[in-house]
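Notes to accompany the following structure.
Scope of the values below: all heavy atoms of this structure, side chains included, with no hydrogens, waters or symmetry mates.
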Amino acid sequence: MTRSARRARAAALVLAAAVAVTGCGAIPRTGPVHRHAEPTRTTAVPTYAAEPAGPQEGATPEEVVRGFLAAGTGVGDDYSVAREYLTPEFAGTWHPDARTVVHRGDPSLVPRLDEHHYRLNLEVDSVVDGAGVVERKPAGATEVLDFEVAQVDGQWRVSEAPDATVLNGEDFENIFEPHHLYFADEDLSNVVVDPRWFPDRVPVSTSIVRALLSGPAPYLRGAVDTAFPSGTTLARSSVPVRDGTATVELSVPEFDPANIEINRRMHDQLSLSLRSLGAVDEVELLVEGAPVELGTGWSDTAPVQDVTVPSRQVGLRDGRLVFYQGGQTEDVPGLPALDGYHPASPAMDTAAENFAFVDTGTGSLVTLARGGEPQVRFSGTGLTRPSFDEHGWLWAGDSAGTVRAVSTGPRAEEPVRVEASWLAARKITSLRISRGGTRALVVTQGDGVSQLWLTGVVRGPDGTPRRLNEPYRVAADVDADVALWLSDREFVAAPVGGTGAVRPRVYDVSGRYRELPGLAGVTGLSGGNGTSAIYAVAGGSLHMLTGNAWAPQTEDVLDTAFAG
């Protein structure tokens, strides 16, 4: 079997397993079980219906521009009300979905020197592109948009405007909903969530499929894989949903109907992405009008679970590495004494065979394995807590914006400097590799605020880390020093080291968050599988999040971390 055939077969299996979580479709009962959590199902029927006013008789040029901007809340019927403000020629060429600019505060519309020209000045909160990818902006980001008006039958109409709509934050939250697209990781062992924001309108199914066919968001390119050949497009103008079935008709270059593995991959990637809509129970896939053959033995299977970590944590007690679980601690068997070291920020892999810590005396990253001696791997100023990935690499960043990784096996003794030009001169305070190994969750700090980033991990053929892609900013200008994965789609972030009360936030990868109960004097944070496994060190004790309170656990072990 060729390498491409093996990849196709593996991807068919992982995507089929992921679809099984939602109870959809037919999937084989053979092959490896891969891991994924059930996506949140959202409605396919709009829950917010704005009714902006159309143009008024005799409105002034400025009133027409302002009315046109306000009509951007009317997403129904392809922004039909907003198009009423445009000249007939321009109405047919304006593309409102190309960009959505979300602003802070009150925008300022001013006339320009050229008659009948206007400029809108905005402080920008975020921008959503035509594929639903959001770009969050730090405080102080601005943008200008220019408009021109002309008379049509004695009435002023907009004759030139950007391909964009403008919304305030409240309207954006009411009109847009996040949706998850799904891709496979490069070794085809797990599925990866790619969050997109689309207007809450019918048919959002079309927006989802078009974005899926366009490929992953820029920050994931090279880190994930898609089933759809380059050039695949929708053969129809929409993806109708009737009686629980979404019908997707594609035009696929050089389509081979006998390639069952690719057929299943395409079907399952569509099914997983569309079934987050409450109205979609099944997906019918056609290519050039003909149903796609999925082969025999295509049936439901048992649900599969999220990529998880063991419940046991590693921590420090009297300068030694110990295991902690359920209020009990024990020394890690087989590890040597750490005489001469000043360990902090311990870490371990999921097998609890390889360990690491930062030596605060020298600023070095030290690794050790059961039955072996400590090894100093590299040094840096302000090294982050080490992060193990499932490919056998150990990562850390530093305050100069440098990211390095070192193999924990026999493949390489020297650390690899991971290309990440966007981090140059940025102070990294936290770097965690996702449990599937495809993304890095990074916290950078500057000018008293932090930025939370997601970036794709690009590797060589043997899994060696090569590059962190240009990132996706999940949150801008927040108070956080660390961010830790809780699942494939959620992470917890918080400031540490202060004396005041801290309310950690649990984010999903689309950027939405909820605050947890407050705890004073937090000096450390650890996160396991979901919000039921969040721990914080405060006041010399380890606390566990229990409902809406922090329950003290022990004073025996501090500085804990789950595997990864």
Side-chain angles (χ1 to χ4, degrees), residues 37-40 173 178 305-318 321-330 344-348 350 384-385 387 429-430 432 434-435 441 443 445 449-450 452 474-475 477-564:
E38 183 173 1
T40 302
E173 291 293 333
Q305 300 300 316
D306 214 352
V307 181
T308 59
V309 294
S311 299
R312 181 171 51 183
Q313 298 186 68
V314 64
L316 290 170
R317 179 176 63 184
D318 299 328
L321 293 181
V322 296
F323 288 135
Y324 171 82
Q325 185 174 353
Q328 296 179 316
T329 60
E330 65 177 12
S345 302
M348 66 178 175
T350 54
T384 62
R385 183 185 296 274
S387 179
T429 61
S430 179
R432 308 301 298 172
S434 65
R435 293 167 184 178
L441 172 61
V443 182
Q445 196 174 79
V449 294
S450 296
L452 306 183
V474 186
D477 301 334
V478 297
D479 186 12
D481 299 301
V482 298
L484 307 165
W485 292 102
L486 299 175
S487 71
D488 183 55
R489 294 167 297 161
E490 281 193 328
F491 61 89
V492 59
V496 296
T499 58
V502 168
R503 298 197 68 180
R505 291 178 175 180
V506 173
Y507 287 85
D508 67 23
V509 290
S510 71
R512 296 179 300 179
Y513 69 88
R514 61 189 186 277
E515 288 191 332
L516 299 178
L519 182 64
V522 173
T523 58
L525 192 71
S526 62
N529 301 314
T531 53
S532 62
I534 297 177
Y535 290 77
V537 177
S541 296
L542 184 67
H543 295 71
M544 177 183 178
L545 180 65
T546 306
N548 290 316
W550 293 94
Q553 300 295 298
T554 181
E555 297 180 359
D556 191 41
V557 59
L558 300 176
D559 204 1
T560 63
F562 287 88

Would a 4.5 Å heavy-atom cut-off, applied to side chains only, mark [X] and [Y] as touching?
X    : Y    : value
Y513 : V492 : no
F562 : L484 : no
L545 : Y535 : no
V496 : V522 : yes
E555 : V537 : no
W485 : E490 : no
T560 : V314 : no
W550 : I534 : yes

Roughly how far, to the nearest 0.5 Å, is the [atom2] atom of [Y] from the [atom1] atom of [X]?
X    : Y    : atom1 : atom2 : answer
L558 : T523 : CG    : OG1   : 7.0 Å
R432 : T384 : CZ    : OG1   : 7.5 Å
S430 : D481 : OG    : CG    : 9.0 Å
F491 : D508 : CZ    : CG    : 8.0 Å
R505 : R514 : CZ    : CZ    : 13.0 Å
S487 : R489 : OG    : CZ    : 5.5 Å

Less than 4.0 angstrom from a charged side-chain N to a carboxylate O is my criterion; do R435 and D488 meet it? no
Above 12 or not: heavy atoms from other molecules or residues under 6.0 Å from CD of Q328?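 Counting neighbours around CD of Q328, 12 or fewer heavy atoms of other residues, nucleotides or ligands fall under 6.0 Å, so no.
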Donor-acceptor under 3.5 Å ([X] side chain, [Y] main chain):
X    : Y    : result
R503 : L516 : yes
T546 : A549 : no
D559 : S345 : yes
N529 : V309 : yes

Least distance between heavy atoms, [X] atom then [Y] atom:
X    : Y    : value
L525 : A536 : CD1-CB, 4.1 Å
A561 : R385 : CB-NH1, 3.6 Å
L486 : G527 : CD2-CA, 3.8 Å
P517 : P504 : O-CD, 3.7 Å
P310 : T350 : CG-O, 3.5 Å
A480 : S450 : O-OG, 2.5 Å

side-chain contact (heavy atoms from CB on, under 4.5 Å) assessment of V449 paired with V478: CA-CA 6 Å; V449 294; V478 297; over 6 Å; no
Less than 3.5 Å apart, any donor N or O on the side chain of [X] or [Y] sitting next to an acceptor on the other?
X    : Y    : value
T329 : R317 : yes
Q313 : S526 : yes
T554 : D556 : no

Between V482 and V443, does the side-chain contact (heavy atoms from CB on, under 4.5 Å) criterion hold? Intermediate values first, please. CA-CA 6 Å; V482 298; V443 182; 5.8 Å; no
Are E330 and Y324 close enough, and set up right, to give a side-chain contact (heavy atoms from CB on, under 4.5 Å), and what steps lead you there? CA-CA 7 Å; E330 65 177 12; Y324 171 82; over 6 Å; no
